[in-house]
Number of protein chains: 2
Amino acid sequence: MTMTEAIANLSRKEQVIRKAAELFKEKGYAAASMRDLAQLLGIEAASLYSHIKSKEEILRSLCFDMATEFRKSLEEVEKQNVSASEKLRRGIIGHIQVMAKDLTASAVFMNEHRHLSQPYLRDFLLLRINYINRFKKIIEEGVQKDEFKRTIDTKLAVMTLFSSLNWMPMWYDPSGGIIEPIELGVQLSDMLVNGLKQNPK
Amino acid sequence: MTMTEAIANLSRKEQVIRKAAELFKEKGYAAASMRDLAQLLGIEAASLYSHIKSKEEILRSLCFDMATEFRKSLEEVEKQNVSASEKLRRGIIGHIQVMAKDLTASAVFMNEHRHLSQPYLRDFLLLRINYINRFKKIIEEGVQKDEFKRTIDTKLAVMTLFSSLNWMPMWYDPSGGIIEPIELGVQLSDMLVNGLKQNPK
DNA sequence: CCTACCGATCGGTAGG
DNA sequence: CCTACCGATCGGTAGG
């Protein structure tokens, strides 16, 4: 295989994966057939297998590539020497920026990862629980430092945070152009940290 | 059909639907086969069709029954003559109580409704947007009455609220017994309304 | 990237 | 609730 062919194959494989992400998001992994995918790409179903090994390989690359991006973003934030609430704020903004770079892959990451087979599913869930726990530690740090209320349930807080973050790709439409990803992150973190209520004057 | 048979059929149909809900939650609607379901019930796949008309009929009854419960709960709250923030609080607690009554059906309602065919899917989405908009009006009322900050994005606020509420069945385990459904609603609404941050002393 | 094809499994029906 | 079965569709392979 020449260099040019390698590059061409790589980019064609990318095309297949990106189109698959759209299809998986729309119909769900199980309900999306390889024949659907082939049709979207204008080729025969059998031809897909020149580019990918299996349907699940596509799901795997989507899920694990996103997981890697999320992890890198959080590691960047953890290094910084700022207050817990600022760290939480930056973690939230980072997470939203990673999602905003590929909303389709983010939706698949969130909703379709359960169709991974073992041992990939287990590996994926371990990465995810690790990521969540690191956010939880930031919140716990905030409680200890008296930045956050001592009465909050940190598990509830972190799950609420994640629910809000992870559903974003389901309703956020950047082409609607009302609000930018960073601005969205700022508002969301402000809402979770400061709440909806009017500050006492 | 005698009365006794009618009652027996009804309860058997209920058993089929409840077991199907567990299966749909676990594997997803598309990946759950009628043969899987039959095996869980200890009968042949063909025998299922003495109780239900089709696979989708099960999904329909799960989704629309939950939708009805949510609507009734919110209507109850809307009647009450209280502040917007209290109305929001009661709406959240009501929503969580409805979910807590059947966490399995709630998870299916949330994650599998997209597999409804037309025209049911459209009807379902209309019910859902209506429900969301009624919560949004409560938040807007709170902004107008100066209970909530004028700077909040009400669409973002309501979608964040719903994301938090709707993901609850995915991680909340009442048998873990750490926190009761009502207490969960109270804490969640406090968190969204007042935020995580320590009140200024 | 295509033609030709495979075994497995799907939701569901007929008839009892 | 069962046996027997159907047409459709699935993910994927062989060979070019």
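A note on names: the letters A, B, ... follow the listed sequences, proteins ahead of strands, and every chain is numbered from 1.
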What's the CZ-P distance between A:Arg35 and C:dC10, to the nearest Å?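 Distance check: A:Arg35 CZ to C:dC10 P gives 16 Å.
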Figure out the CD/P separation between B:Glu44 and C:dG11, and round it to whole Å.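 Rounded to whole Å, this separation is 15 Å.
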What does [X] touch in the nucleic acid at a heavy-atom separation under 4.0 angstrom: a base, only the sugar-phosphate, or nothing?
X       : result
B:Ala38 : nothing
A:Ser50 : base
A:Ala32 : sugar-phosphate

Among residues two or more places apart or on two chains, list those pairs meeting salt bridge (charged side-chain N to carboxylate O under 4.0 Å, His left out) that have a residue in residues 39-57 of chain B.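 Only B:Lys13-B:Glu57, B:Lys53-B:Glu57, B:Glu56-B:Arg60 qualify under salt bridge (charged side-chain N to carboxylate O under 4.0 Å, His left out).
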What I'd like to find out is whether the side chain of B:Glu141 reaches to under 4.5 Å of the side chain of B:Lys137, using heavy atoms alone.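 Side chain of B:Glu141 against side chain of B:Lys137, heavy atoms only: no contact under 4.5 Å found.
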Plane angle bin for B:Phe124 and B:His113 - parallel if under 30°, tilted between 30 and 60°, otherwise perpendicular: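 It falls in the parallel class, under 30°.
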Determine whether a donor-acceptor pair (N or O, by modelled atom type, separation under 3.5 Å) exists between the side chain of B:Glu147 and the backbone of B:Ser85.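 Yes; judged by distance alone, with no hydrogens or angles, the pair exists.
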For C:dT9, does OP1 or OP2 lie under 4.0 Å from any side-chain N or O of B:Ser33?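 Checking C:dT9 against B:Ser33, no side-chain N or O comes under 4.0 Å of OP1 or OP2.
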Counting a pair only when it is Watson-Crick or G-U and both distances are under 3.5 Å, which runs of at least 3 such pairs involve DNA chain C?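 Listed by first number, the stems are C:1-16 with D:1-16.
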Quick test: give all pairs of protein nitrogen or oxygen and nucleotides 13-16 of chain C nitrogen or oxygen below 3.5 Å, distance rounded to 0.1 Å.
none

